[in-house]
Every structure is written in C-alpha cells, then in structure tokens.
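All values below come from the heavy atoms of this structure, side chains included, with hydrogens, waters and symmetry mates left out. Counting starts at 1 for both ligands and their atoms, in listed order.
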Amino acid sequence: MKKILGGVLFTGVTLSLSAAGQADDAAYLSWPSYSGEDLELSVNEAGTHFRLWSPEAQAVEVLIYDTGRNTPAVDTLDMKKAGQGTWTASVDRQLYGKYYTFRVKHNGRWLAETPGVWAKAVGVNGSRAAIIDFAKTNPEGWDSDRGPVVKNITDAVIYEMHHRDFSVDPSSGIANKGKFLALTEHGTRSPQGQKTGIDHLKELGVTHVHILPSYDYNSVDEANLPANQYNWGYDPYNYNAPEGSYSTNPSDPIARVREMKEMVKSLHDAGIGVVMDVVYNHTANNDDSNFSLTAPGYYYRHRPDGSYSDASGCGNETASERRQMRDFIVNSVKYWAKEYHIDGFRFDLMAIHDIETMDSVAAALKEINPSIFVYGEGWTAGDSPLPVERRALKENVAKMKGIAVFSDDIRDAVKGHYSNAADRGFATGKPGNEETVKIGIVASTAHPQVDYAKGNNSKFAYASAPTQIINYVSCHDDLTLTDKLAKSMPGSTEADRQRAARLAQTIVFTSQGTPFMFAGEEVFRDKKGVHNSYKSPDSVNAIDWDLKDSNREQFDYYRELIKLRKAHPAFRMTTADDIARHVKFDKTDRDNLISYSIKDNANGDEWREIKLVFNGSEQPQEIKIAKGDWIVIARDGRINADGMGVFKGGKIEVEPTSALILARK
Ligand code: CA
C-alpha cells in the first residue's frame, strides 16, 4: 500500500495505553460477540433472514430496494433484538434480485444507511448489498476446481499483479482489459508475437499470482468506467464482495462474483494459485465506514482523546484484539478461501493486527486447505496503541504459527534504501551491505557465520524457519526496480541496469525463504519514475508488452532463474537447522563480493554442492573454486538451469555486476 513510513522499527517509540484508552478498550471488550456464519444475510427454503451485529443500537431497520442505487426503498423491516448483540428480521420469501441496506439508531439519531460489513454481493459502487443466488455464480467445473498443492510456502514463486497494469495496454492483445476475465484469455500475443496474459505467466513459470486488492474498494467510480480511473485499491469498502470495476458489468451483482471465480478457475487450470491482498487494518472512511455505521466506535482503536489512532497512515486503524473484529477477519478470509478457492492471503500492514488474530487466521485457513499460506507486511505505517509485543511484527514472526513476513533486510541491502532513490545497494556497488545480504540468504535465521550485529535493518535472527520469510527487491510500492536502478546508477546504460536487475533477482531467487516479484519486472517495465503510483494513470502503471520482445533476454534470464529454483530443493529448505548445516559462506573480505556454497545434497537435492558467487562491484573479481566437475549454471549475466558447459575448478573471474553459479553432483 502507499506507505507513509514503512519498516517501523521494533525498538521504535510506542504509546502506552493511557487510563482513558484502557477504559475505552475495556468497555469494548465487554461487548457481546456473535460469530455465526449467518450474519447480516442468509437465504433458505424458509425465506430471507437478516441478522445485524450492533450491541449498542437503540433500533435497527432493514431497507429493501429493487435496484442497486437511486430508487426509493420498497419495504422497511424493523429488526428485533436477538441476543449476542444481534438484531434480526425475516421475510418468508427468497428475495433474490433485491437489494438491502441497514440503518442503525445510535445515541438518539439515525445513522446513514449501510450495506453492512458482510455484504457478499453489492450493486454498483457497493452502497447497497445485493441478494443473489450464489449457486448461479459458479463457473463450469467449479466443484472440482482446486489450486496447486503447496507442501511448503518456500516452494512458491509469487508474482504480484494489478489487474489493470497487467492487461490494460493495447500491446497486451487481451480483450477484457483491466478485468478479472483478462486472466481467462488464452493465446493472447503482443504485436511482436510474444505471449501475454495467462500464457505469459505459464511461460515465466511462477506458481502463484498475488492480486492487488480485489475486494470492493472505494475510489474508482464503477458507474463511470470509461473515465479509466486507476487505483491500487488500498481503500476498503466492502470486504466480502469483489471490486466492481474489474467486472464487465458493475451494475450486475452476479457478474463480479462469477467473473472473479472464472479468473481463479482459469489460473487453477493453468496450475497457478491465487493470493489475495487483504487490507483489514483500516477502512477508506472513518465515521462513514460500514464498521462505524453498524457498531460505532467498536471496530477501531482510538487515542486517549477519543480520536482515531492511525497506525495505517490512512486515517484509522482497526482493532483486531476485540472479539468481533477478530472473528470478522478470520471469517472473512475463510469465506474467500471457501467461496472463491483463494490459495493465499497477503496481509497489508499486518503489524496493526495482533499475533493471536494472525495465528487464528493461519489455523482456520489450514483447516480448509493445507496448501493455503499467509504472509504480510510485518510493520505499521505509524504508531499504534497496540503494545509492541502483541503486534504481528516482522520481529515477532517466530512467535507466530504459519505466517511469513516480507524481508525489508534483503530488499534494501540488495538494491539500496527503498525511500532514498539515489541510494545504492550490494548489487549496485555500494559496500557495507554484505552482512545484510547474508541475512537475506539465510532467511533471517540464526547462522554461525552471519553476524546480525552488522545487519542494516534487523539486529537479530528474527525468523525461526525460512518458511517465515518472503524475499523481494520489487513490489507495487516504491520505485520499480527498473526506476530504482535508473535513479541510483546515473550515467549507466540500460544494459548495465539490466545486469544489475539480474544480479539482484538472482540473489532473491536463490536465497532461502520464498521469492516474490513485481509483475512486469521480467520484461524490465518501469513506472516513469513514479514511486507512489497508487492513483497514477495507465500511462504510468500499465505494462507495455512491447518490452517483452525488446527485453527478451531479460525475460529468459528470469524464466531460467525460476526454473532453477523450482528444480532444486536446495534453494527451498524448510528449517533453520538445515540452513545452518548446509549453507557455508567463504571468507572473502572484499567489498560487494559474497561467495557461498549449499553443501551435501541439501534438502534432498541431486546436486552435492552448489557454489554461488555474487559480485556487486564494478570490477571483475577473481576467486578460487575447488577442483571438480562443475556444471556452469550462471555466469556473466547469462543463466541456464540445465547448465552451459563444465568448469574444472581453479581460478575464475566473476565479471562485474553478475552472479556465478556452479553445481556438482
Ligand atoms: Ca468499488
């Protein structure tokens, strides 16, 4: 998301709850909760049933409509108190095709109408919930649809993508531009005949597509799609319904549901999993959010003076430590996993949530499907009243079960600091990052040859297993790698910068942990130097698929790198002990040079030893390799997972800004 601070440190200043804050919290903690799955709407043989959770309401109504907007209510139902803080009303007919909102009386006044917090289908722009028959939203073969089986998250290769970026440019050759359905089109090609769309993903070899927010968000006017508005979508409105602007008809509540399922099915049929970016940590609005309009105050943390606390940097932060909010998050991801067959969840600003909530999320999802994985940003964008020890922080990841966090350590060490455009990193010739890159290589686990005191970001081995770490040097946030290299390597040629990108990603994709990349980087896409493009036009955000032809060698390098990783379990160890035992660093004592081996058929690998040497300097570096029959896998900016010749050992020159990878059986 658009980050205000990012990487807030574990040791950072934190507010303690004042007496007033505690009183506020204690009051909310005493509210009754309701965790049944029939919240807000259920339809069965007996009719249509509404149940709203609003413990402090003085009265609640349901308003029934014929259309998704602009028409008067055709009926109003008074709701009755029904226990556990809920209010209910029923109609003895199935109201399929109708729409509804709730209205809550609070402190003597009627609040504005809301579709509630559990609307699973909505009309255009999401202001009214829709009553649809979900059985009619399933594509052909949905019952037997399954995502890829994932034994360990470290087996995944994650590709982070915005629907519009991926398909909206004319060069994509895709008909459903910017839509869920873009990922259902086969045989699409760029003007030069290169594969695009889902064919491109298969060719690249990624295992999972991570889609940027695809729940119904606030900013894009779904009633005016020709305006071509763009937004990343970190402004949640209806958490449990898909975004309308990605459907072919936002006014048809069934279309967005069915088309998103068709996208999931199409990716699954191609062997690719779908990870959803979820943003439960804040809402687009404060007093006007669906949370505030159903149960004012409850879902958010506040400062002692009663104002909204703002760890999200977006005006508010939710309160996952409260029962009904925690249940909401857990039940919401469960719903997406069950109804939409989602294979993974990426939690935005996850450290705003408490550890107990994240543990519950992971456990509930594993019960539905053991292949589902969960990762998130282990930081906040501002301070929070939630005590540091309870936050789902990067530094607390070892205390969590089944959760992974992004490694800002490897990110900043390899390419330079994320917010200082001119800053260089290990791969671009800046010394002093070597130890932090090693921290990345061992996935932030304890290793006898890694000195965490010399780490740039974290000062201790915060991960207890590599399955807790997501490695990356590019994502939707901040400069693209292409732009970062352009800004930090003045006077360089494009060829120089592509070499640097190859080295950077070689480090990421061979490191322990799970690799993650930003869509289009494999064709060296840029965003015209815009670092926070959350509402920039397509001219900034769209991937130009002409680049796949002009940068075909770059694409081939990435494809081979992914192939190498997928073919060799040595890069995908699952325990810290294995890493400590099999990863051996060589003494180099030279700036911007790291040399190490993965030894002894690590994790059952067919290769007895893999030697990796990263030269981030602008000079060639001579090193010595033990005598043997080494297969050359990567050298001088080229890579072939099946090998390109044999090296017998002895002295070898590692060219500037490149990786050398050798392997022997
Ligand atoms: Ca929307």
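If you look at Glu243 and ask which of its N, O or S atoms sits nearest the Ca ion (ligand 1), the answer is OE1.
A cation-pi contact links Lys120 to Tyr335, judged by a cut-off of 6.0 Å to the six-membered ring centre and 45° from its axis.
Residues satisfying the salt bridge (charged side-chain N to carboxylate O under 4.0 Å, His left out) test with Asp288, not counting sequence neighbours, are none. Taking Asp169 as the reference, nothing meets the salt bridge (charged side-chain N to carboxylate O under 4.0 Å, His left out) condition, with sequence neighbours excluded.
Look at Tyr217 and the Ca ion (ligand 1): an N/O/S atom of the residue is under 3.0 Å from the metal.
For the pair OD1 of Asp216 and OE2 of Glu222, the angle at the Ca ion (ligand 1) is about 80°; rounding is to 10 degrees.
A donor-acceptor contact under 3.5 angstrom links the side chains of Arg164 and Asn228, judged on distance only.
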